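Before any comments, here is the structure.
Throughout, protein chains are lettered first and strands after them, A, B, ... in sequence-line order, and every chain is numbered starting at 1. The figures here come from the full heavy-atom set of this structure, side chains too, leaving out hydrogens, waters and symmetry mates. The model shown is predicted, which means the values in this text are computed figures rather than measured ones.
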Protein chains: 2
Amino acid sequence: MTDRPAPTSKAQAIVNEVRRRIVDREWQQGDRIPDEAELAVEFGAARATVNKALQLLAEEGLLDRKRRAGTHVTVNPARRATLTIPIVREQVEAAGLAYSHRIVAQKLSPLPADVAARMALPEGHELIHLRTVHYGDDTPFQVEDRWLNPAAAPGVERIDFHRINPNEWLVRNFPWLRADMAFSAASADARDARLLECRQGTALLILQRTTFNDLGAITSVRLAFHPGYQLIATP
Amino acid sequence: MTDRPAPTSKAQAIVNEVRRRIVDREWQQGDRIPDEAELAVEFGAARATVNKALQLLAEEGLLDRKRRAGTHVTVNPARRATLTIPIVREQVEAAGLAYSHRIVAQKLSPLPADVAARMALPEGHELIHLRTVHYGDDTPFQVEDRWLNPAAAPGVERIDFHRINPNEWLVRNFPWLRADMAFSAASADARDARLLECRQGTALLILQRTTFNDLGAITSVRLAFHPGYQLIATP
DNA sequence: ATCGCAATTAAGTTTAGACATATATCCGAT
DNA sequence: ATCGGATATATGTCTAAACTTAATTGCGAT
């Protein structure tokens, strides 16, 4: 039931064994561990394989590696977590609900200062401003407040977002090179409350994201999730 | 000013070029791209190098790779973001503030149902319960509500957490094998408000984390950040 | 002692080749 | 036409060897 035969690669086996030694404190925080050549002999593997394994553990934050100085067990591991930001529709459907969305507003508007700063565009510059509500079984799931830059996403002016939601269209048509992303909490304002069908002042999880390609900022969006929503991270 | 000489490896150069082709839509979503052997010839590299580059892009979510079927540009890329959860003290000090912490409460208490479930321990089981406030320049930065399991972290009963904060001690002494982590938003309750010196009902970003080693759950903690706090993710 | 340079070391990267493995595709038997 | 098995193919993984590069260490001159 809990035994796994051997579905792992040699590199992964080395990762597991090294991680075990660290967790079991055979190798303590700050200790220097044997170098790649020694471990290669011990594990009966090529140095390249050991190298790959140790690089994975270094990415994970468990090891510190430096040329000439060797590999040490990280003293204060600031561990990372990976968040997968799925397409809303897929997220809703994965929960077994029927997805739908509604465009609440769509018009050309001058950029407010904060969004302009995030998009590295002049304040007052006119962009497409969209407000969308995403539903699961007719219950509001997420409210999206989005600014779209036709200069970086040519063709966007002619899309009918009632048929395909903005995120999905963008993701399919304009892969980005760089993204800024931040999580925060905010109290639902009057509009949030109306669209999410919750009481004003309710605490909402907010995801603010701006994406760029080589033509500049594609879009900047503020996502407000329904009250109680939890974003799960995978280590 | 914007030209970079050549600080990148060959594999990284391939990553960049393939990413460029995708972003510039030379290779469109769903397209099959040339196989590793062909790209190796084109880029004048070994297949292993191309393989490494394409695996990085697959991890990033831009490519889908399958044996025999080849490599395709992902149609609906659900892109990932990495969050680094730093040690509070380092985070505060990085902001140029003086760090301090205060243990508000520390006692043996029976586990409430929700925490027990997260830690996979029986409800009512007695664990060490700690409440800590972390300050930057005497302004509350984060409130920590933590349960500690001496069975998985032997020695924890004898630690004086007034001298070193619980997170830092754990991180230095008990590396974990697995962690569950979730972000959410909550309204400050009376205690949160008092400890964070904010108004009750203020929206707070909450990070809930439980860590495990091979002895079981080490600790489960609820971190409430000060109002307005933004958690920045790196792509 | 102190400084600066040179030697040495350990990780970083790449390569060519080999074998493993999943699976799309083809083809022949039904 | 349909099914099943053989085949081909693209990725997955590993290896041994070489070269590169960062940086610690040690040494020699001051």
Side-chain angles (χ1 to χ4, degrees), chain A residues 4-19 21-22 26-75 77 80, chain B residues 4-19 21-22 26-75 77 80:
Chain A
R4 2 182 81 215
T8 46
S9 66
K10 207 160 183 172
Q12 192 56 51
I14 297 175
V15 166
N16 293 341
E17 172 59 14
V18 171
R19 211 202 321 262
R21 290 185 190 180
I22 295 171
E26 290 173 25
W27 290 343
Q28 307 213 354
Q29 325 281 106
D31 283 1
R32 173 163 177 187
I33 76 171
D35 68 35
E36 294 184 349
E38 290 174 64
L39 291 176
V41 173
E42 184 195 332
F43 291 122
R47 186 170 78 87
T49 306
V50 174
N51 179 275
K52 188 178 172 183
L54 298 187
Q55 288 203 9
L56 284 169
L57 287 161
E59 262 176 58
E60 201 179 299
L62 271 185
L63 295 177
D64 276 335
R65 289 158 67 67
K66 235 166 57 183
R67 277 168 159 140
R68 166 75 219 233
T71 300
H72 293 256
V73 181
T74 305
V75 178
R80 303 175 219 339
Chain B
R4 1 180 84 213
T8 48
S9 67
K10 208 161 181 174
Q12 193 55 51
I14 297 175
V15 166
N16 293 340
E17 171 61 11
V18 171
R19 212 201 321 260
R21 289 183 192 181
I22 294 170
E26 291 172 26
W27 291 341
Q28 307 213 352
Q29 324 281 104
D31 283 2
R32 173 163 177 189
I33 77 170
D35 68 35
E36 295 183 347
E38 289 174 64
L39 290 175
V41 173
E42 184 196 331
F43 291 123
R47 185 170 79 88
T49 306
V50 174
N51 179 276
K52 188 177 172 183
L54 297 188
Q55 288 203 10
L56 284 169
L57 287 161
E59 261 176 58
E60 200 178 301
L62 270 185
L63 295 178
D64 276 334
R65 289 159 67 68
K66 234 166 60 184
R67 276 167 160 139
R68 165 76 218 233
T71 299
H72 293 256
V73 181
T74 306
V75 178
R80 303 174 219 341

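- Contact check, Thr71(B) against dT11(D): a side-chain N or O comes under 4.0 Å of OP1 or OP2.
- When distances run from any side-chain atom of Arg47(A) to the nucleotides dG12(C), dC14(D), dT15(C), the shortest one goes to dG12(C).
- Counting all heavy atoms, side chain and backbone alike, Ile14(A) lies closest to Thr49(A) at CD1-CG2, 4.3 Å.
- Across the protein-nucleic acid pair, Asp64(B) atom CG and dT23(C) atom C1' stand 15 Å apart, rounded to whole Å.
- Regarding contacts with the backbone of dG12(C), a side-chain N or O of Asn51(A) is found under 4.0 angstrom from either OP1 or OP2.
- Between Glu36(A) atom CD and dT14(C) atom C1' there is a gap of 14 Å when expressed in whole angstrom units.
- Considering only side-chain N and O atoms, Arg32(A) lies under 4.0 angstrom from the phosphate OP1 or OP2 of dA10(C).
- Taking atom CD1 on Ile33(A) and atom P on dA10(C), their separation rounds to 13 Å, with Å as the unit.
- Atoms CD1 (Ile14(A)) and P (dC14(D)) sit 8 Å apart, rounded to a whole Å.
- One finds no side-chain N or O of Lys66(A) lying less than 4.0 angstrom from the OP1 or OP2 phosphate oxygen of dA22(D).
- Between Lys52(A) and dG12(C), a side-chain N or O to OP1/OP2 separation shorter than 4.0 Å is absent.
- Evaluation of atom-type donor-acceptor distances gives a pair under 3.5 Å for the side chain of Arg67(A) against the base of dT21(D).
- The only member of Asp64(B), Ile33(B), Leu63(B), Thr74(B) that meets side chain to side chain contact (heavy atoms under 4.5 Å, CB included) when paired with Leu57(B) is Leu63(B).
- Between Gln55(B) and dG12(D) there is a side-chain N or O to OP1 or OP2 distance below 4.0 Å.
- Distances were taken from every side-chain heavy atom of Thr49(A) (C-beta onward) to each of dA10(C), dA18(D), dC14(D); the shortest belongs to dC14(D).
- Separating the CD atom of Gln12(B) from the C1' atom of dT20(D) is a distance of 17 Å, rounded to the nearest angstrom.
- The side-chain contact (heavy atoms from CB on, under 4.5 Å) search around Asn51(A) returns Glu36(A), Gln55(A), Arg65(A), not counting sequence neighbours.
- Side chain of Lys10(A) to backbone of Ala46(A): no donor-acceptor contact under 3.5 angstrom is found.
- Of the candidates dC14(D), dG12(C), dA22(C), the closest approach to any side-chain atom of Arg68(B) belongs to dA22(C).
- Relative to the side chain of Ala46(A), the nucleotides dT11(D), dG12(C), dA16(D) differ in distance, and dA16(D) lies closest.
- Using a 4.0 Å heavy-atom cutoff across all strands shown, Ala37(A) reaches no nucleic acid atom at all.
- Checking side-chain atoms of Arg80(A) against main-chain N and O of Glu59(A) turns up a donor-acceptor pair under 3.5 Å.
- When the nucleotides dA10(D), dG12(D), dG12(C) are ranked by their closest atom to the side chain of Asp35(B), dA10(D) comes out on top.
- Rounding to whole angstrom units, CD of residue Glu59(B) and C1' of dG12(D) are separated by 14 Å.
- Atom CD1 of Ile22(A) sits about 8.0 Å away from atom CD of Gln29(A), to the nearest 0.5 Å.
- The interatomic distance linking Leu56(B) (CG) with dT13(C) (P) rounds to 10 Å, in whole Å.
- Atom CG of Leu39(A) and atom C1' of dT15(D) are 17 Å apart (whole Å).
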